[in-house]
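Throughout, protein chains are lettered first and strands after them, A, B, ... in sequence-line order, and every chain is numbered starting at 1.
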Number of protein chains: 2
Amino acid sequence: MNGNKAEIIRILQSSGGKPVSGQEIGSKLGITRAMVWKYIREIRKDGYEIKSSPKVGYALKSSPDMLYPEQIKAGLETSLLGREILYYNEVESTNSIAKELAAKCPEGTVVIAETQKKGRGRMGSEWQSLPGGIWFSVILKPSVPLEYTAKITLVAGLAVSKAMRELGVDARIKWPNDVLIHGKKVCGILTEVDAEVEKIDHVILGIGINANVRQSEFREEIREDSTSLEEEVGKPIDRIAFMKQLLFELEQQYIKFTTQKFSDIVSEWISLSDTIGKEVTVTTPVKIIEGKAVGVTDKGALLVKTKNNVREEIIAGRCRYSK
Amino acid sequence: MNGNKAEIIRILQSSGGKPVSGQEIGSKLGITRAMVWKYIREIRKDGYEIKSSPKVGYALKSSPDMLYPEQIKAGLETSLLGREILYYNEVESTNSIAKELAAKCPEGTVVIAETQKKGRGRMGSEWQSLPGGIWFSVILKPSVPLEYTAKITLVAGLAVSKAMRELGVDARIKWPNDVLIHGKKVCGILTEVDAEVEKIDHVILGIGINANVRQSEFREEIREDSTSLEEEVGKPIDRIAFMKQLLFELEQQYIKFTTQKFSDIVSEWISLSDTIGKEVTVTTPVKIIEGKAVGVTDKGALLVKTKNNVREEIIAGRCRYSK
């Protein structure tokens with residue numbers, strides 16, 4: 001979206017519903033009233049409801065429920081994440097787009113879409129990405145060794161849980177990369193990396209959130225185990241406000257991660273974990289481990305105590321709770 | 001290169017210099033003698049010297065010193081590595097090409113070039129890739145967790161050293177990714193990975209070897225610390241034969257790696273290591289470790305015992321020997 005359009009929206013939003021004259025807007029932006037009027041018409045086409053009263057000015061009545069970058073950026077309290085946002089109505093997968101663009105984009109660039117046709121879960125599994133959800137990927141370029149990659153998934157899980165808890169729901173993290181509310185999945189995280197062994201080139205952190213989605217809309221196979229923020233809060237959430245909060249939390253945790261304060265992240269992660277204390281079966285490409293999840297190491301590995309009292313450290317795997 | 005051309009070269013090579021008639025070649029390939037003659041002319045253009053005597057036939061006098069795929073494939077004792085070889089005279093970087101093609105190529109595909117204009121060392125450093133060297137990348141797709149990546153560098157270092165030792169030189173591995181002869185660098189390895197946390201999508205294993213390169217050709221800054229197989233053996237090596245041996249060794253070690261016999265690799269790696277027992281300074285993106293290199297763990301990490309008697313496990317880093 002054009003910078004002037006974004007600025008006009010910002011001016012109208014910050015007036016708190018009070019009309020702002022075309023002249024005032026024009027003088028702030030250094031453009032004519034006729035140009036202001038031209039932009040107002042374009043902004044209306046984007047779904048914003050704007051009342052225009054002769055000699056009084058323009059008043060914003062409602063904003064569309066879309067994840068428009070200028071809406072997310074307005075008042076965003078981050079200095080790195082989301083300073084660049086690429087918006088799409090529909091994509092195959094935000095992670096795929098972010099991967100293609102990673103080399104050319106600054107760190108912190110966000111790729112966001114209203115829906116994904118081929119949303120990806122881990123290990124190539126399909127992820128249902130319904131309209132009303134929040135589907136985005138962040139391009140990160142931390143100067144850390146490859147072995148730190150797993151920690152980034154924990155960073156993201158913690159940030160998502162904390163942002164959700166601000167809505168008053170009991171979001172908890174299922175190791176390694178799901179966020180649950182009342183045991184049902186509300187968010188999935190897919191961390192992909194491109195690296196040399198001793199240094200990450202870039203990480204694509206894909207986050208998918210069932211925000212304003214109804215239980216009945218989920219595919220039947222996953223319906224019982226899935227939930228959404230709308231269902232848990234009891235009404236649709238403000239996706240823009242949530243996105244601002246989430247990017248803020250994510251940046252806070254990411255800063256701790258890059259400044260070697262991972263132990264802080266681990267303790268908070270454990271306090272919000274759904275997994276620690278449970279009997280689990282973890283499947284990795286090379287082995288299956290059964291036992292009790294007892295902690296997370298400072299390397300980001302899940303600690304599982306097996307029946308034979310062996311403590312296994314698992315960096316990544318698929319985790320199922322034993323019934 | 002056309003399959004018939006490759007087959008004709010193979011027939012002429014395996015006759016040991018004795019002439020083979022056009023009729024014999026034609027009947028083996030199911031083509032006319034006129035077609036055989038057409039291919040012979042093309043083969044000559046590729047640099048093969050072929051004597052043609054009327055009523056006697058064709059005899060191969062010499063092959064060009066080029067890394068042609070059909071030459072490498074002839075008699076190659078591998079079942080996975082090098083079954084597909086993409087050959088280039090000059091490229092920016094074989095790793096970059098392999099990276100672009102990885103999704104579409106079968107595992108084991110080799111990208112090889114006579115020279116690289118922008119050969120890459122680790123961490124974006126430049127690597128001088130002179131004609132006469134061997135510059136190639138292998139596309140690997142092991143079903144293992146991301147944390148196994150560092151092991152692949154060890155696999156490659158071991159294979160390169162073993163192949164070189166067949167030439168009678170005392171090749172030794174400098175952790176993590178250089179091969180030295182008499183303390184001078186003869187090979188560099190660059191391992192790049194594209195992955196989810198719990199499963200590698202693909203690894204690009206880039207191997208650069210100073211094969212038939214003269215000491216005087218190296219850039220001045222690196223000349224003192226570099227050597228070549230030609231310098232060490234005392235004459236130019238047969239690059240094709242060496243490449244066959246190297247792909248064979250690499251496949252042997254890679255099979256051990258994928259079948260969870262990494263401990264075998266570690267013990268042989270240690271026996272050929274130049275680093276173990278030395279005082280080292282290892283720099284990673286997050287810390288610097290000084291101490292004595294005392295071993296390699298079953299995760300592929302270098303074990304360094306510091307002055308304070310702490311045993312540090314380092315997965316990857318830049319290693320310098322303390323003087």
Query raised in the report: Closest approach of S143(A) and P285(B), non-hydrogen atoms and distance?
Result: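 Minimum heavy-atom contact is O-CB, 3.4 Å.
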Query raised in the report: Who wins among D194(A), I152(A), V193(A) for the most heavy-atom pairs under 4.5 Å with chain B?
Result: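 Ranked by contacts with chain B, first place is V193(A).
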**Report entry** Segment of E192(B) engaging chain A (4.5 angstrom heavy-atom cut-off)
**Finding:**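 Both backbone and side chain of E192(B) come within 4.5 Å of chain A.
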**Report entry** More than 12 heavy atoms of other groups within 6.0 Å of K256(A) NZ
**Finding:** yes
Query - K141(B), NZ atom: more than 12 neighbouring heavy atoms under 6.0 Å - result: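 Correct, the count exceeds 12.
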Query raised in the report: Of the listed residues (T149(B), V286(B), I314(B)), which shares the most heavy-atom pairs with chain A below a 4.5 Å separation?
Result: V286(B)
To the nearest 0.5 Å, tell me how far [X] [atom1] sits from [Y] [atom2].
{"X": "K299(A)", "Y": "E313(B)", "atom1": "NZ", "atom2": "CD", "value": "5.5 Å"}
{"X": "I204(B)", "Y": "E196(A)", "atom1": "CD1", "atom2": "CD", "value": "12.5 Å"}
{"X": "L146(A)", "Y": "T191(B)", "atom1": "CG", "atom2": "OG1", "value": "10.5 Å"}
{"X": "Y148(B)", "Y": "I315(A)", "atom1": "OH", "atom2": "CD1", "value": "11.5 Å"}

